[in-house]
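Written out below as structure tokens is the structure these notes cover.
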Protein chains: 2
Amino acid sequence: MKSKLNKELVIRLLKYRRILTQLKSLGFEKVFSNNLGDAIGVAPALVRKDFSLLVLGGNKRGGYNIDYLSEQLNRILGKSREQKIIIVGMGKIGSAVAQYKGFHQGDFEVAAGFDISPESLLHKIEVPVLPMSQLKDFIQTQQIEVAILAVPEDVATDCHRQLKDAGIRGILNFTPIELKTTENCIIHNINIGVEIENLFFQVVKSSLPFDVEAALPDLSDEDALADAET
Amino acid sequence: MKSKLNKELVIRLLKYRRILTQLKSLGFEKVFSNNLGDAIGVAPALVRKDFSLLVLGGNKRGGYNIDYLSEQLNRILGKSREQKIIIVGMGKIGSAVAQYKGFHQGDFEVAAGFDISPESLLHKIEVPVLPMSQLKDFIQTQQIEVAILAVPEDVATDCHRQLKDAGIRGILNFTPIELKTTENCIIHNINIGVEIENLFFQVVKSSLPFDVEAALPDLSDEDALADAET
DNA sequence: CATTTGTTGTTCTGTTTTTCACAAAAACAT
DNA sequence: ATGTTTTTGTGAAAAACAGAACAACAAATG
Ligand SMILES: NC(=O)c1ccc[n+]([C@@H]2O[C@H](COP(=O)([O-])OP(=O)(O)OC[C@H]3O[C@@H](n4cnc5c(N)ncnc54)[C@H](O)[C@@H]3O)[C@@H](O)[C@H]2O)c1
Ligand SMILES: NC(=O)c1ccc[n+]([C@@H]2O[C@H](COP(=O)([O-])OP(=O)(O)OC[C@H]3O[C@@H](n4cnc5c(N)ncnc54)[C@H](O)[C@@H]3O)[C@@H](O)[C@H]2O)c1
């Protein structure tokens, strides 16, 4: 099965759309592949390939028309018609996201937060916070499809099950437990801890005087660390 | 340049390490490639290949020794010797991360937070929050290498510059502005807004009665032709 | 001791994704 | 009109990545 619209491509499209919206609000009318590439951090050739794949044409010298691109991206990505999400686990991360105003032109709205102890929340939240007992009913009557999971990791799988039981179709999971996508529930994991560790590793690696990778294969016998070269 | 230790591989290694730590604390001694695969959501063959690449051997029937693997991963990934990070922008996201306790066996410590108005913070934080005027000095005297950036997006590039000027080597960037890795400062972007939009898209796509992708190519005749002018 | 079983280690192959390179087209300049 | 510049569009090459297959081998079994 050859899948156009792979995951990375969709992410780039979403980023293009965001940039285009900003450019438009600044009064720009056209944009070049290298502008967009710079803005989202990819090579200009890839930008052109992306649009070429989606049959979105530009003009041989004048670049791409912003209004047209915007429209077409909205068509392809879905107009995001005022969808609602819920957040399960209104602790530190959950509350922060609940109050986030930066979603693309305000398309999304947090319909409610859920928590095992809604009354003991540290600071006031603008969205209603309900007890877990109302979770299933709320999801079904309000027809919620997407949830953010931000509970402690030891209850992550349990909450995952509850969400699936209630009919949730997609979960953005902030817990370090790696949940898995199933037939009718898509999972995207965001593991901030791993991201930080990863960054540390890359930084250390880059500031080392020798090439870490070169030193790897022959470490089977203890301290071969000292000798390495480029 | 054939790169061992590619980006995805490093992330898997970090996840293996986390799982191994947990298994060890549960009293396990050995683990099979399919256990690890399940835990981090990849195929067992990939787990074996990863270890094979790093010359980490298992036992032909008894799987991998957890202590050994753990040790070796620590060696390869760096022992994370009590490194310190700072957080710039102690708003909702910044504060949440500042109080996160879940970093791998407490290897990282948030040395300080920085904010343009440290006094007006909503709730009490356990780490010191300092004014931006002290940023450069703190980074240099404390030898901080890694920072988390969580300021409003309109000041993101400015703060980015300040961090680079102060000698920061790596930034985990939570703002929607796509910062770019340079010679001596590695950037990892986490764009939560895009992640949510992406999840929405995948969910909508999966619940559609027809194939979105199939509908893509032939829309050129509907209303085609971008028009550009000077 | 021979046989069966389970799991690793590795090769090979296929797929997907990105970059390169350059012809073609449009706009501009003279 | 003609030449020059700029930027797209895309086929072909390269790189990154994953998966399937299976031989090798250690342990368990009888
Ligand atoms: N804070 C961070 O920066 C951060 C970073 C990365 C990952 N995480 C992960 O995100 C998750 C939440 O982290 P946090 O820092 O917000 O923790 P937190 O303790 O501040 O919040 C957890 C919330 O979940 C609620 N809760 C507990 N059990 C529940 C249940 N069974 N059902 C519903 N709600 C329940 C608690 O009442 C609490 O409000 C954790 O898994 C953590 O590992 C947090
Ligand atoms: N809250 C979320 O869930 C969320 C999600 C995704 C992305 N983000 C992004 O993270 C960033 C922060 O979001 P937030 O919700 O925490 O915002 P926030 O307004 O709560 O926090 C921003 C903080 O930065 C400080 N600040 C402002 N200008 C500064 C400067 N020049 N130098 C230093 N500090 C400065 C402010 O005083 C404030 O405390 C934004 O770019 C936002 O788009 C937030």
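Naming: A, B, ... by sequence-line order, numbering from 1 per chain. Atom set for the values below is all heavy atoms of this structure, side chains included, hydrogens, waters and symmetry mates excluded.
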Could you tell me the separation between the CG atom of Leu56(A) and the C1' atom of dT10(D), rounded to a whole number of Å? 15 Å
For the helix from dC1(C)-dG30(D) to dT30(C)-dA1(D), figure out the bend between the end axes, five pairs an end, and round to 10 degrees. 0°
Given dG19(D), dT10(C), dT17(C), which nucleotide is nearest the side-chain atoms of Ala43(B)? dG19(D)
Selection from dA18(D), dT10(D), dA21(D) that lies nearest to any side-chain heavy atom of Lys49(A): dT10(D)
Give a yes-or-no answer on whether the side chains of Asp158(A) and Gln162(A) include a donor-acceptor pair shorter than 3.5 Å. yes
Leu54(B) side chain reached by Gln72(B) side chain, heavy atoms, under 4.5 Å: no
Interatomic distance, Glu8(A) CD vs dC17(D) P [rounded to whole Å]: 10 Å
Roughly, in whole Å, what's the span from CZ in Phe32(A) to P in dT5(D)? 17 Å
Length of the line joining Asn34(B):CG and dG19(D):P, which is rounded to integer Å: 15 Å
Could you label the plane-to-plane angle of the Phe200(A) and Phe108(B) rings as parallel, tilted or perpendicular, counting under 30° as parallel and over 60° as perpendicular? parallel
For atom CD of Gln143(A), decide whether the heavy atoms of other residues, nucleotides or ligands shown that lie under 6.0 angstrom number more than 12. no
Quick one: Leu46(A) CG to dG9(D) P, roughly how many Å, whole number? 14 Å
Rounded to whole angstrom units, what separation is found between the NZ atom of Lys30(B) and the P atom of dT7(C)? 9 Å
With respect to the phosphate group of dT7(D), does any side-chain polar atom (N or O) of Ser33(A) fall under 4.0 Å of OP1 or OP2? no
Distance only, no hydrogens: is a donor on one side chain within 3.5 Å (strictly under) of an acceptor on the other, for Glu195(B) and Asn191(B)? no
Of Arg48(A) and Lys7(A), the one whose closest nucleotide on DNA chain C sits nearer the 5' end is Lys7(A)
Between dT18(C) atom P and Leu9(A) atom CG, what is the distance in whole Å? 8 Å
Are there over 12 heavy-atom neighbours, none belonging to Lys180(B), within less than 6.0 Å of that residue's NZ? yes
Looking at side-chain heavy atoms only, is the closest gap between Ile66(B) and Glu29(B) below 4.5 Å? no
With a 4.5 Å limit on heavy-atom distance, are the side chains of Ile19(A) and Glu178(B) in contact? no
Does the protein touch nucleotides 23-30 of chain D at the base, only the backbone, or not at all? Give it as B, S and - per nucleotide, heavy atoms under 4.0 Å. -BBBBS--
Do the side chains of Val47(B) and Ile40(B) get nearer than 4.5 Å, heavy atoms only? no
How would you label the contact of Phe51(B) with the nucleic acid (heavy atoms, under 4.0 Å): base, sugar-phosphate, or nothing? nothing
Please give, in whole Å, the distance from dA18(D) C1' to Ile40(B) CD1? 13 Å
